[in-house]
Each structure stands twice: as C-alpha cells, then as structure tokens.
Amino acid sequence: MRTHPLTPASEEEIAAVVADAASTATPLEILGGGTRRGMGRPVQAATTLDLSRHAGITAYNPAELVMSAKAGTPLRLIEDELDRNGQMLTFEPMDHRPVLGSDGEPTIGGVFAANVSGPRRLTAGAARDSLLGVRFVNGRGEIIKSGGRVMKNVTGLDLVKLMAGSWGTLGVLSEVTFKVLPKPETTATLVVSGLNDAEAAAAMAAAMALPVEVSSAAHLPVSVVNRFLGGKLDWEPVTLLRLEGLSQSVLVRKDKLATAMAAFGDSRLLNAQESAAIWREVRDVMPFAEHRAKPLWRVSVAPSAGHQLVAALRLNTGVDAFYDWQGGLVWLQMEQDVEDEMIRTFIARLGGGHATLVRAAEPVRASVQVFENEPAALGALSARIRQAIDPAGIFNPGRMAPAA
Amino acid sequence: MSEMIAFLKPDPAILSRRAAILADIADLLPDDALVTEERELVPFETDAFVSYRRLPLAVALPETTEQVAAVVRYCHREGIPVIPRGAGTSLSGGAIPQEDAVVVGLSRLNRIIEVDLPNRCAVVQSGVTNISISQAVDADGFFYAPDPSSQLACTIGGNIGMNSGGAHCLKYGVTTNNLLGVRMVLFDGSIVEIGGKALDAAGYDLLGLICGSEGQLGIITEATVRLLAKPEGARPVLFGFPTSEAAGACVSEVIGAGIIPVAIEFMDKPAIEICEAFAQAGYPMDVDALLIVEVEGSDEEMDAMLARIIEIARRHGVSTIKESQSATEAALIWKGRKSAFGATGRIADYICMDGTVPLGQLSHVLRETSVIVARYGLRVANVFHAGDGNMHPLILFNANDPEEAQKAELAGNDILKLCVDAGGCLTGEHGVGIEKRDLMTHQYAAADLDQQMRVRSAFDPKWIFNPSKVFPLEGRSGK
C-alpha cells in the first residue's frame, strides 16, 4: 500500500525523515522530478521521498565556473540561469521524457544520481566528471559532505563519483556542486553522407585522430535518418561531426575536417540552427521516442565494436539502431523481444562493455537484468559499499539489483 | 629533529616473525624478487617527502598480477601491512613504508600491453612511467593528457593513487577524467577488472573511487587510459605583471570571459628568480608576477585566442608580453616551470603545499600566505596552476636547523587551513599521505570521515593497505 509522499524542504528535514525510516527499516523510493522513474528495476518501496520542495540555486559565481544547487532544483531553472551568463553544463544531459513518455521536470539531483550525459560526453566527460562536490544523507540519517567547489581535489576518498550514477541506492543527494563552462561562440556540424556503419566507424575514428577537436561524433543509419530534422535529410545514412569554439577557430577547423573526410564520402555543413536541433535529437534519442512499447537498450562498448554488435544482432533478431560517442554508445530499439541474453553475449564476445535496459514494460524490467550483472568479486564489493553507506538497505531497494 | 607526524606502532608479533614471513613471501615470488637486506631496503625507506623515513620489513618486486595477488592474499591472511609503491615520487609521503610492512613495488610491471588508436586508448601495466605512454603514441599524433611535473619518473599506478593532474589539466582534466579501466588486486588476493575500452563502466563508479584513494583500496596492476589527438601546435606566452593582484585579476577575467587556455601557470618574484637562475628560460626579471599562458591549435587559432588574452592582460596593466618564437624557446619556458621544485631544492630545503582554492580567492590567499610565512620568519616562493586554483607555495627553510624545520611544517599547516577556510581543500593533486593526514579534521566533520572510513573498510576490512595514511590515527572507525 502506498502512503503519501514525504516532502522535506531542507537538508535537516531530509535527515530526520531518513533517520526515522532507518529506525523502522522502512524502504524509501527517492524521487526528484520523476521523469526517469520508469527506468531501472521497479523500486520495492511503499514510501516515496520527494525532493521537489528542496530546490534552489545556492551559489553561483560565473567567473569561478562553478554552481551549487539543492538536489530538487529543476534542470530547466539551472540551464536558464547558466544561459543568461553565457555558460552551460558541458556534459549535455539527455532528457529522458521523450523515450519514456514521462512528464514532470528533471531535477539536477536526478541528473547526477543517474549520471545522465549527452553527445559531448565523448570529449568533455560525463555528468560525474563535472560533479565537484556533494552533500547527501546516508542510510543512518547523517548529513555527509564530500568534495568541494574546486576542480582539483584529492582530499580523502572521492565519494562524489560514487554517488554519481548510483541511482539513489546509496544516499539521498541534498546538494550538488558542479563545474560549468562557457558556451562555445560557434557550433558547426559536418555531415558526411552515404557511409555504412563500418565505414562510419572508420571515418569517426579518423576524425577523432585529427587535431581539429571534434567534440561529438554520431552516426545515423538510413533506417533512422528520416526521423531527424523533421525528415529534411536525404534518404541515406549520415555521419555527424561537431566542431565548437571561437568563430575564427571553427572556421579553420571545419575546412581541415572536410578535407580529411573527403576520403570517406561527400560532406556538407549544417547551419547553426540545424546543428543545435540535430544534436538535441541525438541526445534525446528522438528516433526511438515514437514506439514506446518497444524495448530500448543503451549499450556502451569500445567505439570500434558498436557497429559489429549491431551487425551481429541484425542477423538474429529485429533491431533498429544508431550510434553516438564515435560509435561507442549504441541505442538499440528491439522490434519485439528484449533479447537481453543475446545482447550481452555479443557484447562479451566483442571485448566487453555493458548494456542497460532503458525502456520496457514493468514486468520485463522486474524479470531481466536491467543493469549489467557484475562478476562475483565486484558484485560482492558493491554490496559491501552499499552496506557501508546504507546499512539497512532502505534507499531505492531493487532499483539496480534485486533487493537482498 | 623530533617528528611531528606519528606512524602506526609496528606490530611486535610481525617483527618477531620476520624471518618466517620473508621465507613464506619468497616462496610466492621468482628468485631475486624479494629485497630483504637492510642496505637494499634503504632506497625504499622514503619518497619525495624526505623528512620522514622508515625501513620496511621487505620489498616485493612482483612481475605479474598473479604474483601481486599471492603476496596480498598472504599478507591479508597474516595481517601484515602492505605499502604499494610506484616510483616513490609522492610529495605527501604516500609511499613511505612502516617497519612491519611489506612494500609491493610495481617497477617490474612496466610494459605497455596494447595501443589501440581507433579506440584512442592504451592498456598499460601500472609501473610504466607517465611520459612513456605519450612517447609510445607520439609518432602517431596522440598523447596522454595528465602531465604531473614528475612525469619523467612517476608511474601511472601512482598517478591513479593520487589522481594526479599537471599544468594542462585546466583543459584536459586530471587522472580520473582520463582513466577508462583498471585491473586490480583486492585485499583477499582476488583479481578484478573494472571498466575497459568503453567510455563508461557498469555499476557503481568504482573507478572514480579508486582514483585518489592513495593505495588504500587495493593494488592496481593494469590501467586502460584515454589517448587524445595531439594539437597541431602549442605556444606558451609569458605575461609579466607589476603585482600579484593584477596577475590574479587577469586570470579571473580570462576564465570569466569564456576563454579556457590549455594552461595558466603563475609564479611570484621569488619563484621567477629561482627558476630563471636554474633554467635560463628567458623569464622577465623586472616583474613581481608572471603568468605562463599556453594556447594550442593551428597558428590561426592560437593567434585568435592570444589576441583576446592580450587585450584582457593590457586592461590589467601587463608590463611584459613575450611569445615563444620557436619550439626550443617554448620548451625552455616549460623547463623553467617544471623544474621549479628541483631548482628550489638547490638553494634551500623546502616543503611544498598543494591546497586548492576557488579562483575568486587567489589574491586573498596569496596575500595571507605571505603574512603567515613572515610570521614564522621564513620565506616563500609561489608557483602554481592559476587556472584551476591549485596553489603550490614552497616554504623555504634549513633542514639542519630543527627549530626552523618545525616552523616550516607549522606554517604549512596554517596555509592549508587558510585554503580550506577560503572554500578550498587541503590537496589538489599531491594527496593527503601522512603529510596532511592530521589536518583532515579541519576539512571534514567526524561523520564525513567516518563515512569515508566505512567505505575504505568495504575494500579492505583489516586495513592492511597503506594504513598510516590519509585518515587521522585517532578515532579510526569502521575497522
């Protein structure tokens, strides 16, 4: 039976609520904006801890390139404030609402708890790389701080990284401090046409090896290409290479890049507006936002292995795919079955990596391994870490792994 | 000189069983891989934090991950402390052993296993030097980005232990941002692989936790690191200012204007004099503060970015601007900067602090640092990474004068507290080691440290790995 959500409005209130839950071993579902609630395994908790009232930017000095905000702060508020100062979150967090069909506002706490990144992750790092400091409430109801607001910090164990991507299973994030960067003055995207997946992988690797600072590299096979830019692209596969920076610099680099890419295929430039739109669509996995009944996988492998994985899968099952991160991030939309064993077997055969089931019906998510199953020694280590931070196992039980 | 920093008391039961323990460990290793003679143990008694030294029980020099695992498994079973050691260049005493410990030296694990250019990564054993990775891929147009000043000697395993940075991390990040995977020996001798060639690893971010853990969570034997395409060119430019304040304000405005050069290094007058005398780098001598700003890219790109920076520097009263005209000049400029510690060591003994402060606090912290050092009657030279606020005041003293040595340590402690109080931290890239261990309570509340220690225990239940480091000896919990 579900009870009313708990809605603490301060760090002290969060700590009190958690201490209370810990004393009765009451499991809590930790909720920000709830836009990613349908991801991961279903949480086994009757009580929800809703952080939406714990919101607001707490510190921001643009000249220091650092911002602090309470965990429940809407991402939109943060991006608006950064935008007013010509800055941005460099890791370009994906909005999961289109693929999951969820409502609500993503929060900054949710972004870091799920380590949500986008196309620029290839060169600028993931959300966890921008996260400098956290305050969180552990499973004993204690307020813990780790890290700070400086870029370089090796003072003690980096619990900051541990909290990023822990999906609310270790602690309740209360406040996050993160690096921000100036927005690039200009963006240009070179589009190379007509490459098959393997050729595109080679072209992207060649582009990343050039001294032209390509910031993002994605490949859209012909099966998805008409679902970008409102269907304005020609009916052939395209490979996208993004350049960002000072205008004079981008001007020089795009010529060099185009010259080098001529060996692979014809290319042209997208204008700034199209460029912004197409990378947003890549970021939010828009081609796979339409048929939400179909299972959606996010696969992370070595960049050169991505297209091999897709080729192997296509021989065995119905699957649609496109690539980000130079081919190392593969989005797979399954025609019918979730095929978790097949996908993971091929990943292992191709040198390793991991697959996360982003979208599937709840009974499916409860019955298959949504996140990667860790080898025994690592699984035991992760369990001991969890025990060290949330001894009673009250936070989001079941979300990453079946509850003990 | 009386030591201010305590070590854990050696376990008499271990010392009394020395011969039996050494025989057991020798059985686990190839011939000649266990150092036991006192005169051969001396090179391992300290690291670059030379004021403290302890002879270990023995030094194991394994050649494979499996041998590392065998030694660790044995030491865990017997409750014997294990001190992982790379090249021993730690400035915070991170590799200093203790009398009842076995040092596990990784110097024989020094192979580059694989260079994978299409996936822009290299798989290396943990005892390879930082510079050798960049050298191995230089001809192909790639490099490994983190570049600590000790990069000729320091190992990648040590870099992971201390989450090392360097002058160029303003643009490229520190070790944690450039590490894709590790092979690691856990406390019980089990061998795990974390991450790999994919950009992110599954599960909890254990790689992030391992970076900067100072050898307390396990022993890394292999690492997969990211490689980046080398820029077309790089050009360091010298900007001389009449005051440190003007130089500091210039840094703030450059960053605030959205210009992120690849490096911004700061030197005050004493540091300029010391480095110039050593390297003849062509530093201007008539200024009070010097910035080395490095831009990179094609000539056109560097020109464009420099024009912007020069415009800002002029607004802050820059008195000298000197661009390097050749690769030789550029190399000299960096030689001067990177030899700062060594050059200082020629004229005096010094201890080097490593606090990081928010950029807006640079001028304040510089001013207060002079006040603190003057109060102890000592001198200071400042040379640091201004772009990321990582300060390196070098406190000069005479090690033969015990009173002066103690004053230097006390001044250092005051400076680190100043950094923490200014919103910064005790250490940006050198690590806590033993040096800053007892200051941890100034930065963290008891609950914060307890939480870190409980996580540490999840990796190492008996606390055998590098146990005298990082956490204050008093009030240890979670063991």
Side-chain angles (χ1 to χ4, degrees), chain A residues 61-66 86 121-122 125-126 128-129 138 142-146 148-159 161-162 164-166 182 205 208-211 246 248-249 252 300-304 325 328 351-354 371-372 374-375 377-378 381-382 384-385 387-389, chain B residues 118-120 141 162-163 165 173-174 177 186 190 192 196-200 202-205 208-209 211-213 229-232 252 255-256 258 297-298 300-301 304-305 356 358-360 388-390 423-429 431-432 440 443-444 447-448 451-452 454-458 470:
Chain A
N61 174 357
E64 290 185 349
L65 305 179
V66 175
R121 191 266 175 268
L122 176 63
R128 59 84 93 174
D129 292 286
N138 69 11
E142 297 167 332
I143 297 167
I144 305 294
K145 72 166 190 296
S146 179
R149 59 187 185 110
V150 291
M151 317 272 169
K152 280 162 88 177
N153 187 347
V154 59
T155 319
L157 287 184
D158 192 351
L159 302 184
K161 299 283 187 296
L162 192 58
S166 64
M208 297 308 297
L210 294 171
L246 298 177
Q248 292 116 309
S249 161
V252 175
S300 186
V301 288
S304 64
W325 301 357
H354 64 100
F371 294 93
E372 198 71 26
E374 292 177 293
L378 276 183
L381 180 58
S382 292
R384 289 199 303 274
I385 291 170
Q387 170 79 27
I389 304 180
Chain B
N119 289 314
R120 289 180 300 122
M162 293 305 185
N163 195 16
V174 294
N177 312 113
L186 300 182
S190 53
V192 295
K197 291 182 180 179
L199 273 184
D200 51 14
Y204 291 144
D205 191 350
L209 195 56
C211 276
S213 63
K230 268 197 306 184
E232 234 170 273
S252 291
I255 302 277
S298 63
E300 299 95 321
E301 291 170 73
M305 191 177 263
T356 306
L359 291 181
D388 50 34
N390 188 192
C425 66
L426 294 172
T427 171
E429 57 187 0
V432 177
M440 287 287 274
Q443 179 163 339
Y444 291 112
D448 302 333
Q451 183 62 80
Q452 290 185 29
R454 283 199 297 273
V455 171
R456 188 204 185 293
S457 298
V470 183

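Lettering follows sequence order; numbering is per chain, from 1.
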Discussion item. If you count heavy-atom pairs within less than 4.5 Å of chain B, which of A/Ser382, A/Gly351, A/Gly165, A/Gly353 leads?
Written reply: A/Ser382
Worksheet item: Who pairs with B/Arg120 by salt bridge (Lys or Arg N to Asp or Glu O under 4.0 Å), at least two apart in sequence or on another chain?
Response: none
Worksheet item: With respect to chain B, which residue among A/Val252, A/Leu246, A/Leu381 yields the maximal number of heavy-atom pairs within a distance under 4.5 Å?
Response: A/Leu381
Worksheet item: What part of B/Met440 is in contact with chain A, defined as an atom under 4.5 angstrom from a non-hydrogen atom: side chain, backbone, both or neither?
Response: side chain
Fill in: Positive for side chain to side chain contact (heavy atoms under 4.5 Å, CB included) with B/Thr356, one of A/Asn153, A/Val154, A/Val150
A/Val150
Worksheet item: Which atoms of B/Asn390 come close to chain A, meaning under 4.5 Å heavy atom to heavy atom: side chain ones, backbone ones, both, or neither?
Response: side chain
Worksheet item: Between A/Ala302 and B/Lys197, which heavy-atom pair has the shortest distance, and what is it?
Response: CB-CB, 3.6 Å
Worksheet, complete the sentence: Looking only at A/Met208, A/Glu142, A/Lys145, the option with the highest number of non-hydrogen pairs under 4.5 Å against chain B is A/Lys145
Item to complete: Check whether A/Leu65 gets within reach of chain B through its side chain, its backbone, both or neither, counting any heavy atom under 4.5 Å.
Response: side chain
Worksheet, complete the sentence: Most contact-rich option vs chain A, by heavy-atom pairs under 4.5 angstrom, among B/Val192, B/Val470, B/Leu186, is B/Val192
Discussion item. For B/Val174 and A/Met151: C-alpha separation, side-chain torsions, deciding distance, then whether side-chain contact (heavy atoms from CB on, under 4.5 Å) applies.
Written reply: CA-CA 9 Å; B/Val174 294; A/Met151 317 272 169; over 6 Å; no
Worksheet, complete the sentence: When the 4.5 angstrom heavy-atom criterion is applied to A/Pro303 and chain B, the contacting part is both
Item to complete: Mind listing the closest non-hydrogen atom pair of A/Trp325 and B/Leu199 along with its distance?
Response: CE3-CD1, 3.7 Å
Worksheet item: Which heavy atom of A/Ser146 sits nearest a heavy atom of B/Tyr444, and at what distance?
Response: CA-CE2, 4.4 Å
Discussion item. Between B/Gln451 and A/Ala388 (side chain of the first, backbone of the second, donor and acceptor by atom type, cut-off under 3.5 Å), is there such a pair?
Written reply: yes
Response to the item:
Of the listed B/Leu209, B/Leu359, B/Val432, B/Asp200, the one with the largest count of heavy-atom pairs under 4.5 Å with chain A is B/Asp200
Fill in: Contact winner vs chain B - A/Leu162, A/Ile389, A/Val66, heavy-atom pairs under 4.5 Å
A/Ile389
Worksheet entry | Residue A/Leu210 versus chain B: region with a heavy atom under 4.5 Å | backbone
Fill in: From CD1 (A/Ile385) to CZ (B/Arg456), nearest 0.5 Å
13.0 Å
Item to complete: Check each atom of A/Ala209 against the heavy atoms of chain B and say whether the ones under 4.5 Å are side chain, backbone, both or neither.
Response: both
Discussion item. Between B/Ser213 and A/Leu157 (side chain of the first, backbone of the second, donor and acceptor by atom type, cut-off under 3.5 Å), is there such a pair?
Written reply: no
Worksheet item: What option among A/Arg121, A/Glu372, A/Gln248 has the most heavy-atom pairs under 4.5 Å with chain B?
Response: A/Arg121
Worksheet item: Out of B/Pro118, B/Ala202, B/Gly256, which one racks up the most heavy-atom pairs below 4.5 Å with chain A?
Response: B/Ala202
Response to the item:
Given B/Pro231, B/Ala198, B/Ser298, the one with more heavy-atom pairs under 4.5 angstrom with chain A than any other is B/Ala198
Discussion item. Quick check on B/Val455 against chain A: is it the side chain, the backbone, both or neither that has a heavy atom closer than 4.5 Å?
Written reply: both
Item to complete: Write down the atom of A/Pro211, the atom of B/Lys230, and the distance for their closest heavy-atom approach.
Response: CB-O, 3.1 Å
Worksheet item: Can you tell which of B/Ala447, B/Pro358, B/Gly360, B/Gly165 has the highest number of heavy-atom pairs within less than 4.5 Å of chain A?
Response: B/Pro358
Practice prompt. Go through the atoms of B/Glu300 and report whether side chain, backbone, both or neither lie under 4.5 Å from a heavy atom of chain A.
Written response: side chain
Response to the item:
Heaviest contributor of heavy-atom pairs below 4.5 Å to chain B, chosen from A/Asn61, A/Thr155, A/Asp129, is A/Thr155
Discussion item. Holding to salt bridge (Lys or Arg N to Asp or Glu O under 4.0 Å), I want the full list of residues that pass it with A/Lys152, two or more places apart in sequence or in another chain.
Written reply: B/Asp388, B/Glu429
